Every structure is written in structure tokens, then in C-alpha cells.
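The block underneath contains the structure these notes are about, expressed in C-alpha cells.
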Amino acid sequence: MKIFKILAVSAMALGMTSCISKKQYDALSSNYKQCIENVGERQREIQDLKSQNSALTSENNLLKSQHDALKSSLDACLSNTGKSSANIDKLVGEINASNSYIKQLISNNAKNDSLNLALSNKLKRSLDNVTDQDVQVKVLKGVVMISLSDKMLYKTGDYNVLPAAQEVLGKVAKVINDYDKYSVLIEGNTDNAALNSSTLPRDNWDLSALRGTAVAKVLQTQFGVDPARMTAGGRSEYNPKATNMSVSGRAENRRTEIIIMPKLDEFMKLMDIAPKK
């Protein structure tokens, strides 16, 4: 609300330029532009927090459902006088183990969500000067996804990365290197337009896979990303984001995605603390 009040005051001031000096006008104009930029940044942060809150709410509802099911089982056991006290003790132990696991899981997820949100915000700030049509950054199901348009990266039907894409890939690589405990998955995607050739790429499978590995090689050789952290491949036309019936939809499907996520051993740790059945 304070930001919008400042904007309103700034706007009024700008409308009264005939009554103030050029120096005062320039100062007010600069302040107004800065406020506009601050509003945009706050709106992006609000959207990130809304997405995070929605995911946590869904997970919390699932955990509550699991807890209620376990409690119902305990109540049924207690009401059945034919059950031995040993079985009741065992069930109580399982419930306690489940509750401990749930608390640990929530704690780990909260930590991962915080890291992912920070990573996403850093990427967005680094890529602010790139048009939304070329680069999209978002957090989805605990991972950070960067979607790069094919027109920015390659020529039509080709897989060699264009020199113009070096700046964007360099900014992405810097953030990847800052978060060295994360794994990186690079996926090439195409539309459903047939590609038939006797040389590479022969079809959309070849094209998508070659594009994914081409980006991985640039990140490795040009910007020092550890190749042991990266997995590259292609999904051809079989993972569309939009309809292939329109020009804009096909353009959206021709993309390369860089997915940054916790390493596999972090997920394995969660599995190790799960209660034994």
C-alpha cells in the first residue's frame, strides 16, 4: 500500500511539472521510475510465495489425511477388546514413528522450498533484461525450471548453440555454479513438425537430444559447470506444453529446459528416515 501511495504522489508531482524546477522534476521522475521497478519486483516475489504456499497447503492436507487414517486405525484397535495389548503397543509405536517422519519431512521440504525460492529469485534478477518470450523461470514441485526458446538458442532445424545465446547461458551457469549441491537436467523438446533427413539430425528425437547435449557442452566448456552434475537428453515432440495446432503453440513447444533440483542422495535420505512397515 505504501508503494502505491508513493506512486500516486509521484504521479501528481509529475503532473505539476510547470510549477517546479527541471532539477526537481528530474528527481521526481527518477523516483517514480524506481517505484515502478520496485512494484514489479514485489509482484514477482508475491507470485513465488503464492505458489510455495499452495504447494505446502496441498502437502499439509495429504499429511493430515494420513494422520487421520492412522488415528482411525488406533481407535478401531482400542474398541476391539479381542486385540492384545501387544498389538496396541505396536500400533502406537508405528503412529509415533509416522509422526516423527512427518515432522522430519516437513522440515526438509521447508528447507528445500526456501533454497529453491532463493535460487529462483536470483535467476529472475539475473535474467531481468531478457524478454519473457525467450526465458521463463519458475518453481514447480520442488525444482527450479528454466525454459529457453529455440529461436534464442538455435537456427531452425539445427542444434548448434548461437553466439547470441552465450550471455543468457552464462548468467544461468553462474547461478548453477553458486548452487553446487544441486543436479542439473537439460531436456530438448520439439514441436510435431516432421523432420526427415539422411544425416543428423534425422528426426525430432535426434534434434531434441542433440540440442540438450549442445547446451550441456556450452555450460561445461564455456562456463565451467561440472559435467558430473549434468544429465542431458531429448523428449522429441512427446512432452508438449501447448497445442501444436497454432504457430504460437508450436513455438512454445520448441524449447530447451534446464531443471535444477536437489541431488538424488538428498531424496534417498528422506527415504531412509521413513518408518519401517
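If you're wondering where the values come from, they're calculated on a predicted model, not measured in any experiment.
Rounding to the nearest 0.5 Å gives a distance of 10.0 Å between CG of Asp150 and CG of Asp134. Summarising the geometry, atom NE2 belonging to His67 is positioned 13.5 Å from atom CG belonging to Leu62; distances are rounded to the nearest 0.5 Å. Taken from OG1 in Thr57 to CD in Gln52, the straight-line distance is 10.0 Å, to the nearest 0.5 Å. Rounding to the nearest 0.5 Å gives a distance of 10.0 Å between CE of Met145 and CE of Met261. Between atom CG of residue Asn60 and atom OG of residue Ser65 there is a gap of 11.0 Å, rounded to the nearest 0.5 Å. Rounded to the nearest 0.5 angstrom, Leu169 CG and Leu219 CG are separated by 5.5 Å.
Heavy atoms only, all atoms of each residue included: Ser147 and Glu257 are closest at OG-CG, 4.1 Å. When all heavy atoms of Ser236 and Ser208 are compared, the closest pair comes out as N-OG, 3.0 Å. Between Ala173 and Phe223, the shortest heavy-atom distance links the atoms CB-CB, 3.4 Å. Of all heavy-atom pairs between Pro201 and Gly157, the closest is CG-O, 3.8 Å. The two residues Val135 and Val168 make their nearest non-hydrogen contact at CG2-CG1, 4.0 Å. For the residue pair Ala242 and Gly249, the shortest heavy atom distance occurs at CB-CA, 3.8 Å.
Following chains of ILVMFWY side-chain contacts shorter than 4.5 Å, one cannot reach Trp205 starting from Leu207, and the two form parts of different hydrophobic clusters. Linking ILVMFWY side-chain heavy atoms closer than 4.5 Å, directly or via other members, places Val137 and Val184 in a single hydrophobic cluster. Connection of Leu148 to Tyr182 is established within a shared hydrophobic cluster, with ILVMFWY side chains joined at heavy-atom distances below 4.5 Å, either directly or through further cluster members. There is a path of hydrophobic side-chain contacts, each under 4.5 Å, that joins Met152 to Val161.
Checking side-chain atoms of Arg211 against main-chain N and O of Asp158 turns up a donor-acceptor pair under 3.5 Å. A donor-acceptor pair under 3.5 Å links the side-chain atoms of Arg250 to the main chain of Asn244, judged by distance alone. Proximity of a side-chain donor or acceptor of Asn204 to a complementary backbone N or O of Ala193 within less than 3.5 Å is detected.
When side chains are defined from C-beta on, Leu162 counts as touching Lys155, because their heavy atoms get closer than 4.5 Å. Considering only heavy atoms from C-beta on, Asp206 comes within 4.5 Å of Asp203 through its side chain. Looking at Asn189 and Asn253, their side chains never come closer than 4.5 Å, going by heavy atoms from C-beta outward.
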Practice prompt. Starting from the C-alpha separation in whole Å, work towards a yes-or-no answer on salt bridge (charged side-chain N to carboxylate O under 4.0 Å, His left out) for Lys174 and Asp178.
Written response: CA-CA 6 Å; Lys174 185 179 185 306; Asp178 287 344; 3.5 Å; yes
Practice prompt. Check step by step if side chain to side chain contact (heavy atoms under 4.5 Å, CB included) holds for Tyr154 and Val215.
Written response: CA-CA 10 Å; Tyr154 329 96; Val215 170; 3.4 Å; yes
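Residues in residues 217-245 take part in these salt bridge (charged side-chain N to carboxylate O under 4.0 Å, His left out) pairs, two or more places apart or across chains: Glu187-Arg235.
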